[in-house]
Amino acid sequence: MNKTANISPFVNEPFVNFSLEENKQAMEKAISKVKSELGQNIPLHIGEKKVFTEEVITSVNPGNLGEVIGYVSKANQPLAEEAMQIAVSTFETWKRVPPRERAEYLFKAATLMRERKHEFSALMILESGKNYAEADADTAEAIDFIEFYAREILRIDQINEIQPLTKVQGEDNRLTYIPLGVGVIIPPWNFPLAICVGMTTAAVVSGNTVLLKPASTTPAIAHKFVALMEEVGLPAGVINFIPGSGAEVGDYLTSHPKTRFISFTGSKEVGLHISKQAADTSEGQIWIKRLIAEMGGKDGIVVDETANLDAAAQAIVASAFGFQGQKCSAGSRAIIVEAVYDEVVEKVKELTEKLAAGLPELNYPAGPVIDKASYDKILNYIQIGKGEGTLLTGGSPAEGNGYYIQPTVFADVKPDARIMKEEIFGPVLAICKASDYKEAIEIYNDTEFGLTGSYFSSDQDRIEEALETMHCGNLYINRKCTGALVGAHPFGGFNMSGTDSKAGGYDYLLLFTQAKLTSRKL
Ligand code: NAP
Ligand code: MG
């Protein structure tokens, strides 16, 4: 048992430097190994049972469409119901397992994932189209989440640190955070390991059992995590793995009377739909379902005339085009004050043109987008952008046997343009000119979302003002708006970006528990 885990400070998993030849070779080796194992049949996990179904989800490499990652069995409603019954009965035993023991499964999983991190990253490179650094950061975040939440349940178990109760003579008063019940976990594909792992382990280490419905484009990497939890001896039935269609299995489970909570990360549209489903009570339901929903963003970077313009341009390009702009935190808007507008725009154009598109497994900086639906949607937004701004670079599909799109920059976009308002979720940056920093902040705030933002300036007073007035869950100064670190930058957004659950923070596990007060007369 890891007795010191809640004493030593938490340290983030370091990122691998792939400019070193030995690290690059280690990843290439992992990719070859993973490639030699592709194309297998992947089962559902329902309690102890592995279920192979006739109908499957064929997971393909979005950067190399001929390459099948795996044939993933697909749950329907009867199988989802079976998994629900198992989760309900397993909850009765799992909730009695002491927090320390529950944490121990996670500590073991973190250790194993750390040992095999390139293998996890390699599968993501092939299944989701991440380049080496993006995949490595995803795996590092997954390891961090597992380790962090294991430590957190130990901290919460020492209840007085969270909420010391006032002493009352003649009474023994205690507050205990107990688990909720069965949770439905619905992650997105864009952090196909980290978010899936974080949402699942937080729920489970808090004493709940779950039905994990992975995103349909990245079920193989989700399964690799589920297999790891099985390997460390997590009791069967605690995590039930049921890939399937959001509309069919998702709706069935979110409206199920035995569902106690739903933890969702994905688009605004689906999040709002689930919120409605969760609000309705069905026959036999004896609770209000708890919903944790983290949704989309239309994040942006504000640059004033006192800023370090090279640093600002680099941050704009990294935030807009990291993983092809497919991050909820992606800086899809840049708002630049008039005095330095032309200079910054020129630098952004130059840096963007260096991003060559190509195969993720060869570590090109610009890979494919996730699937045909995204590809079509993004190209459609590029058409819209052509009517709303000046196309500076990109604007077309890129070469390759996959969903490649050139990193695209539009300048002179008006604040109310669609490409300034709507989440595109692809490699498209809209740049807008503001007369001064105050107007720039107003434009930044003029959105229904509120996830991440950055302000670039060297003026301390303005920085103070920006810290107060830029309205988003994660606000950064003089750095990019992507790349939140577990424990350091608890993550979640305002308004239509979600319930601001602050994943990777000290409030997060409480969302998966309910507090019980007991007062005993002495
Ligand atoms: P999505 O289309 O909303 O899907 C998210 C998940 O919901 C998937 O597992 C999907 O399953 C499932 N789903 C779809 N319809 C459902 C239904 N009716 N009932 C239950 N589940 C349903 O989002 P995405 O395309 O995977 O991810 C991109 C979005 O996620 C972006 O908007 C991004 O900003 C957001 N995101 C937010 C955060 C954050 O922390 N705020 C982090 C990452 C991503 P299928 O795959 O089977 O459709
Ligand atoms: Mg989707």
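Remember, it's a predicted structure, so these values are computed and weren't measured experimentally. Just follow the structure's listing: the first ligand is 1, and inside any ligand the first atom is 1.
- A cation-pi contact, defined as under 6.0 Å to the ring centre and within 45° of the axis, links Lys130 to Phe191.
- Within ligand 1, the atoms closer than 4.0 Å to a non-hydrogen atom of Asn190 are 43 (C), 44 (C), numbered from 1 in the order shown.
- Residue-to-ligand polar distances keep Thr254 apart from ligand 1: every N/O pair is separated by 3.5 Å or more.
- Atoms of ligand 1 found under 4.0 Å from any heavy atom of Ile195 (numbered from 1 in listed order, with element): 42 (C), 43 (C).
- Residue-to-ligand polar distances place Met295 within reach of ligand 1: an N/O pair is separated by less than 3.5 Å.
- Residue Asp251 places at least one N or O, backbone or side chain, under 3.5 Å from an N or O of ligand 1.
- For the pair Lys502 and Tyr508, the cation-pi criterion (under 6.0 Å, within 45° of the ring axis) is not fulfilled.
- For Lys386, the NZ atom is densely surrounded, since the number of other residues' heavy atoms within 6.0 Å is greater than 12.
- By the neighbour-count criterion of 12 heavy atoms within 6.0 Å, atom CZ of Phe494 is densely surrounded, having more than that number from other residues, nucleotides or ligands.
- Neither the backbone nor the side chain of Glu269 has a heavy atom within less than 4.0 Å of ligand 1.
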Between side-chain atoms of residues 220-231 and protein atoms elsewhere (two or more places apart, or another chain), which donor-acceptor pairs fall under 3.5 Å?
{"unit_1": "His223", "atom_1": "NE2", "unit_2": "His45", "atom_2": "NE2", "d": "3.0"}
{"unit_1": "Lys224", "atom_1": "NZ", "unit_2": "Glu119", "atom_2": "OE2", "d": "2.9"}
{"unit_1": "Glu230", "atom_1": "OE2", "unit_2": "Lys50", "atom_2": "NZ", "d": "2.5"}
{"unit_1": "Glu231", "atom_1": "OE1", "unit_2": "Arg116", "atom_2": "NH1", "d": "3.1"}
{"unit_1": "Glu231", "atom_1": "OE2", "unit_2": "Arg116", "atom_2": "NH2", "d": "2.6"}

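- Near Gly250, meaning under 4.0 Å from one of its heavy atoms, ligand 1 places the atoms 19 (N), 20 (C).
- At under 3.5 Å, not a single nitrogen or oxygen of Phe191, backbone or side chain, sits near a nitrogen or oxygen of ligand 1.
- Trp189 and Phe323 have perpendicular rings, their planes meeting at more than 60° on a 0 to 90° scale where under 30° would count as parallel.
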- Task: Could you go through the side-chain contact (heavy atoms from CB on, under 4.5 Å) check for Cys481 and Ile301 one step at a time?
- Result: CA-CA 7 Å; Cys481 62; Ile301 297 188; 4.1 Å; yes

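- When non-hydrogen atoms are compared, ligand 1 lies under 4.0 Å from neither the backbone nor the side chain of Leu253.
- The proximity of Ile370 to ligand 1, defined as any non-hydrogen pair under 4.0 Å, does not occur for either the backbone or the side chain.
- Of the listed options Ala503, Ala293, Cys328, Cys328 places a heavy atom closest to atom 36 (N) of ligand 1.
- Counting non-hydrogen atoms of other residues, nucleotides and ligands closer than 6.0 Å to OH of Tyr364 gives a total of 12 or fewer.
- Where the criterion is an N or O separation shorter than 3.5 Å, residue side chain and backbone included, Phe264 fails it with respect to ligand 1.
- Taking only nitrogen or oxygen atoms, main chain and side chain alike, Gly266 reaches within less than 3.5 Å of ligand 1.
- In this structure, Ser374 has no heavy atom closer than 4.0 Å to ligand 1.
- The shortest N/O to N/O separation between Lys268 and ligand 1 does not fall below 3.5 Å.
- Remark: ligand 1 atoms within the under-4.0 Å shell around heavy atoms of His273 are 18 (N).
- In Thr217, neither the side chain nor the backbone holds a heavy atom less than 4.0 Å from any atom of ligand 1.
- For ligand 1, the atoms lying closer than 4.0 Å to a non-hydrogen atom of Ile186 are 6 (C), 7 (O), 9 (O), 12 (C), 20 (C), 21 (N).
- Counting heavy atoms of neighbouring residues, nucleotides and ligands inside a 6.0 Å radius, atom CG of Leu65 exceeds 12 of them.
- Residues Arg333 and Lys298 have side chains in contact (heavy-atom distance under 4.5 Å, counting atoms from C-beta outward).
- Distances from ligand 1 to the non-hydrogen atoms of Gly493 include no value under 4.0 Å.
- Heavy-atom contacts of Ile274 reach the following atoms of ligand 1: 20 (C), 21 (N) (cutoff under 4.0 Å).
- At least one donor-acceptor pair under 3.5 Å links the side chain of Tyr149 to the backbone N or O of Gly504.
- Against a heavy-atom cut-off of under 4.0 Å, Gly244 is close to the following atoms of ligand 1: 47 (O).
- No more than 12 heavy atoms of other residues, nucleotides or ligands lie within 6.0 Å of CD in Glu55, so this atom counts as exposed by the packing criterion.
- Of the candidates Thr218, Val270, Ile262, Leu212, the one placing a heavy atom closest to atom 14 (C) of ligand 1 is Val270.
- On a distance-only criterion, Glu423 and ligand 1 share at least one N/O pair closer than 3.5 Å.
- Cation-pi geometry between Arg479 and Tyr476 is satisfied (NZ or CZ under 6.0 Å from the ring centre, within 45° of the ring normal).
- Crowding of Lys268 atom NZ: a count of heavy atoms from other residues, nucleotides or ligands under 6.0 Å exceeding 12.
- Residue contacts with ligand 1: Thr265 is placed with no nitrogen or oxygen under 3.5 Å of a nitrogen or oxygen of the ligand (distance criterion only).
- An N or O contact shorter than 3.5 Å links Ser267 to ligand 1 by distance.
- Interface of Leu451 with ligand 1, defined as ligand atoms under 4.0 Å from a residue heavy atom, comprises 41 (N).
- Side chains of Thr200 and Val210 form a contact here, defined as non-hydrogen atoms less than 4.5 Å apart.
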